[in-house]
Structure formats: structure tokens, C-alpha cells
Amino acid sequence: MPATAGDLRRLQRDLDSAARTLRGTGSILIISHIDADGISAGAIADITAERLGKDHTVRFEKKISEETVEAINSSEEDIVWICDLGSGYLSEFQRDGIIVTDHHVPDPRWRRKQTVLDSFSGIAHLNPHSYGMDGSYEVCGAGMTYLLSKAVDPSNTDLAYLAVVGAVGDFQDSNHSGLTGMNRTIMADAEANGDLVVDMDLRFFGRETRPINQYLQFSSDPQIPGLSDNAAGCLQFLDSLGIRGKDGGRWRVWDDLTREERERATASILELVGPEQESRAFGEMYRFPNMPARTGLRDAKEFATVLNSCGRYDDAGTGLRICRGDMTALKDAERNRADHRKHISSAMSYIRDNHLLRERRFIQWFDAGSEIKETVVGIVAGMVLSSGDCARNIPIIAFADSDDGVKVSARADRSLVDRGLDLSQIMKTASELVGGYGGGHTVAAGATIPSDQKDRFLDIVEDLVSSQVE
Ligand code: C5P
Ligand code: C5P
Ligand code: ZN
């Protein structure tokens, strides 16, 4: 159900109230998530607090663990502003002065507590699900944080492009080959500033930085028959269209092609992709014209990957510097991106070469053990699902070893969500039944469970999936 005018009025009222709280406070502890959306959100909150002249600190967290809850409950700052995290764990917080700008499915226990006791627990909870919106694709954590920043000061609209990075980082554009809902209002702010240009283009990854042959070769979601994973085929393809691969010895990138070359190549690629996949292959792409050319910061998907390459490898600080416009961080960020690329590529080979993916009736799963970082296993699970090498009509569950047990990541095709699947609820229920905790979104969710509970957990997940999906 779309948000009504009343929902939007309520949201604005609550944003204005939280904005007043921020303006009036002494000190702020900002806690945000380590993924692209979380770093963008953390940066928006950081810059907002800085512009208000408040004492503030930023901390990035992998998840809301017991330690994070303890840090929030015992913090000395007047306000704890939690971004892209928190909604799933509201009932754990036991202090006043909490602001949550998040988009995860909210903790149902907290809602019950609120209605039964009707007591204001000191949490300003700003989440799209409370205002008739779907947080998995209409607005992200950075988007909610941005809306609060804008309520604090309308001149903070120069931060809108960071919310676009967050949304793309969370794949909110993958549904309709473009952003929808509240994300479009945020996009309009970024376009009005001249920070964002929307292109109708192929939606493959790397149009600003990947050599054109690799841009074609590594295309996935959807695959281009004859070009994906076919190096020789890509060179031949360019040749047959009379498109030079190199300029003065240097590989050209997709964005270096002339408009006429791009149009010609696009038409041929869409023909190869076929009419059924065309709407996935072609659509809106987001460009930041003020960012330096040939860097990973000019295209929203690439920018998000740069941030993921920092945050998911314990270097969210570099991602934050990038979002703050500190171009001296670019070298570190690009090195992180190269390391991330290697880790992902060896993770994909590891799964393929060892035939790790197992199919059951209603789910498929793999256990990466300690071969894939727990912060990256979700990205890999998503890539396996969209690689074309496995069934898309059942969810994928992935395990990776973690300090406090086993990290679980779950991903599904959106068509399953349309048929009733809610991975957030499944991760929460199944993990709690085996002594863990979890949550997330309908299409992408996660959990942490005890190491000896994987089999029982899979059984429960499979039961829940079969009961949800019609
Ligand atoms: O915690 P947060 O909401 O920011 O993370 C959402 C996660 O779900 C991201 O890592 C994003 O990449 C992933 N996702 C996905 N496929 C989707 C939607 C989200 O892998 N269709
Ligand atoms: O870690 P992963 O990318 O698989 O997480 C998918 C989604 O599930 C993210 O939005 C993440 O914040 C959420 N999640 C959660 N609780 C957990 C683990 C993941 O809400 N314990
Ligand atoms: Zn998010």
C-alpha cells in the first residue's frame, strides 16, 4: 500500500520533532552500519552534526550485537543517533535520547510494548514501514537520515546524492530498473543541485572505470549470451561493431564511447539479452557529474562498491572520508576496491570449484566456513543467486564463520516476495528458535546463530519458506 498524504504529514511532523531535538542537544553519538548505505547514512549524520556545531563521534558497527546494545545504553552522549541499524532491536534499548533513522523491518515486540503501555520510551523511530512505505525499496537508511538532515536545515540538500548512493548500494533500484517512492523525492533534490544526472543506459556494473572488454565480460544480472564470461567473444563483438577497444594504448571505458557508439552497442547487446531480460538490462543509471572522471565515484553503483570495499573490511573510516569529499582518501579507497574484487572473485571460484551449493526442495545453501568474510558472504550469496548458475525460484542461504557463532545471509528473488516470502521474519524466527538473532528485509536478511545449530536452522528455514510461499 503506498504512503498516503496523511502518512507523509506524520513523517514530516516526526522528522521536525527529531530535528528540534538534534538542534537543542549538547553531544551526539552517531552509530551506523558498515555497508554502503550505512556509511552514506553515517556521513550524512556526521556532516549534519558538524554543521550544527555539536560535539559528536561516529562509530560504525557490523550489526546490533550485545556489545552494541550495551554501548548505546551506557553512552554518555545526550543523544544516540542510530543510522541504517536499530529498528529490528528497538526493545533492547534502555535509555532516553535515541534517534533511529533506519529502514529495516521494525521489532514487533517494541510496537506491542508501545501500544500496551502507551509510554513514550524516549526513542524517535523514523522508519518508512511506520509511514506506509516499504523500506526494502522506497527509501533506505541513508535516505531516512537525509530526510532528518534536511528537516534540521534545508540547505543540507547538498547531501542528497549520498542518499542515492545508499539506495543503490542496497539494490533499491533493482526492482524497477530505477529508484521509486521516496527515493525519487531525494533524487530530485540531488538533480536540482546539479549533483546528479539520470541516464537511460545499460545497467551493468563499471561503466566509468572498467575497461570496456571487462565491462562486457563481467556483465551479470542479466547475462549477455555470447559476451558474459567470454573474453574472446567481447573483443570480437567490439570489432564487429567497429568500436575501438583502446585509445592511445589505454582501454576505453563504456563512458568513453561516443553517443553513437554506445547506442549501436546497446542495441546489439539488448538483442543478445532478449526481450524478456531487456527491462533488467536497461534502465536508469545515476551519475555524479561533479566527481572526478575515471574514478569509482562518478557512478552510483561504483561509488557504493567503493564504500562496501571499505566498510566490509574494517575500514569504514576511509569510506566516511570519501563521503566527506576528502579526495586524499581516494587512493586508499581504490586499493580497498581492488582487494574487495579479489576477495569476491576467489569466493565465487571457491564455491564453484568445491561444488558447495546444495539444493534442497525449498531452499539452496552453502557453507563458506572461514573462506569468505562474514561481512561479504551476503554479497556473494546475492551474486550466486543472480549468476544464472543456480535456481532463482528458491531462496539462497549462506553461512560464514563469525567471532560469535555463524553468520547467516539470506537472499531471494523479488518474485518470491511477491508470492509471500519474508526473509526478515524467517531469519528472526528461525534464529531465535536456535538461540541466535536476526532480521533485515523481505528480500535480503541475515542472522547470527550458534555454530552447532546449522542443520536445525536449515530445517526450520525450509519449513518457514514452504509455509510462506504460495
Ligand atoms: O543493512 P542494509 O539494509 O543496509 O543492507 C541491505 C543489504 O541487502 C545490502 O547488503 C544489499 O546489498 C542487500 N540486498 C540484496 N539484494 C536485494 C536487496 C538488498 O542483496 N534485492
Ligand atoms: O549481512 P547481510 O548483508 O546478509 O544482511 C542482510 C540484511 O539483514 C541487512 O539489511 C542487515 O542489516 C540485516 N541483518 C539483520 N540482523 C542480523 C544480520 C543481518 O537485521 N543479525
Ligand atoms: Zn540499508
Side-chain angles (χ1 to χ4, degrees), residues 32-42 60-66 68-69 82-90 92 100-107 127-129 134-146 163 165-176 183 221 280 301 304-305 307-308 311-312 368 372-386 392 395-400 402 404-417 421-428 430-432 436-449:
S32 196
H33 197 197
I34 47 113
D35 71 357
D37 184 25
I39 296 176
S40 311
F60 288 99
E61 298 288 344
K62 274 191 250 185
K63 59 193 174 199
I64 297 281
S65 61
E66 264 173 43
T68 321
V69 170
I82 310 172
C83 310
D84 191 37
L85 279 176
S87 292
Y89 303 86
L90 291 172
E92 318 261 330
V100 175
T101 45
D102 188 13
H103 65 134
H104 290 97
V105 174
D107 177 357
N127 182 305
H129 295 279
D134 186 325
S136 75
Y137 67 96
E138 292 187 89
V139 60
C140 63
M144 292 308 289
T145 307
Y146 168 73
V165 173
V168 170
D170 271 7
F171 290 87
Q172 299 209 325
D173 59 334
S174 67
N175 243 359
H176 301 94
N183 280 323
D221 200 17
R280 283 241 298 273
K301 279 184 198 252
T305 298
L307 297 184
N308 274 322
R312 293 178 189 265
I372 303 179
K373 274 176 83 72
E374 60 154 316
T375 47
V376 180
V377 72
I379 294 183
V380 175
M383 289 177 74
V384 171
L385 191 63
S386 63
R392 275 189 94 112
I396 185 164
I397 312 293
F399 296 119
S402 146
D404 51 352
V406 173
K407 166 71 204 301
V408 187
S409 279
R411 299 286 188 275
D413 193 80
R414 185 158 291 271
S415 59
L416 285 175
V417 172
L421 183 76
D422 179 353
L423 288 176
S424 164
Q425 202 193 340
I426 291 177
M427 284 300 112
K428 188 171 177 60
S431 62
E432 283 174 3
Y437 55 93
H441 307 285
T442 48
V443 274
T448 298
I449 59 167

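Indexing begins at 1, ligand by ligand and atom by atom, following the structure's order.
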Report the C-alpha separation of Leu416 and Leu423 in whole Å, then their side-chain angles, then the decisive distance to 0.1 Å, and conclude whether the side chain to side chain contact (heavy atoms under 4.5 Å, CB included) test is met.
-> CA-CA 10 Å; Leu416 285 175; Leu423 288 176; over 6 Å; no
Would you mind naming the N, O or S atom of Asp37 nearest to the Zn ion (ligand 3)?
-> OD2
Counting heavy atoms only, which part of Asp37 comes closer than 4.0 Å to ligand 1: side chain, backbone, both or neither?
-> side chain
State the atoms of ligand 2, each with its element, that fall below the 4.0 Å cut-off from a heavy-atom position in His441.
-> 10 (O)
Tell me, please: is Gly438 in heavy-atom contact with ligand 2, that is, under 4.0 Å?
-> yes
Checking distances from the Zn ion (ligand 3), one finds that the N, O or S atom of Asp170 closest to it is OD2
In ligand 2, the atoms that come under 4.0 Å of a heavy atom of His33 are 12 (O)
Nearest neighbour of atom 13 (C) of ligand 1 from the list Gln172, Arg411, Arg414, on a heavy-atom basis | Arg411
Give the single entry among Arg312, Lys407, His103, Lys428 that approaches atom 1 (O) of ligand 2 most closely by any heavy atom.
-> Lys407
Do His103 and Asp37 pass the side-chain hydrogen bond (donor to acceptor under 3.5 Å, both in side chains) test, and can you show the C-alpha distance, the side-chain angles, and the key distance before you say yes or no?
-> CA-CA 10 Å; His103 65 134; Asp37 184 25; 3.2 Å; yes
Run the numbers for me: atoms of ligand 2, each under 4.0 Å from some heavy atom of Ser409, listed by number.
-> 1 (O), 2 (P), 4 (O)
Give a yes/no on ligand 2: does Lys63 have at least one heavy atom closer than 4.0 angstrom to it?
-> no
What residue and atom, counting heavy atoms only, is the protein's closest point to atom 18 (C) of ligand 2, and at what distance?
-> Gly446 C, 3.3 Å
Just need the protein heavy atom nearest to atom 9 (C) of ligand 2, so name the residue and atom and give the distance.
-> His104 NE2, 3.7 Å
Atom 21 (N) of ligand 2: closest protein heavy atom, distance to 0.1 Å, is Tyr89 OH, 3.4 Å
Looking only at distance, does Val408 have an N or O less than 3.5 Å from an N or O of ligand 2?
-> no
Short N-O contact, Asp404 and Lys62, less than 4.0 angstrom = no
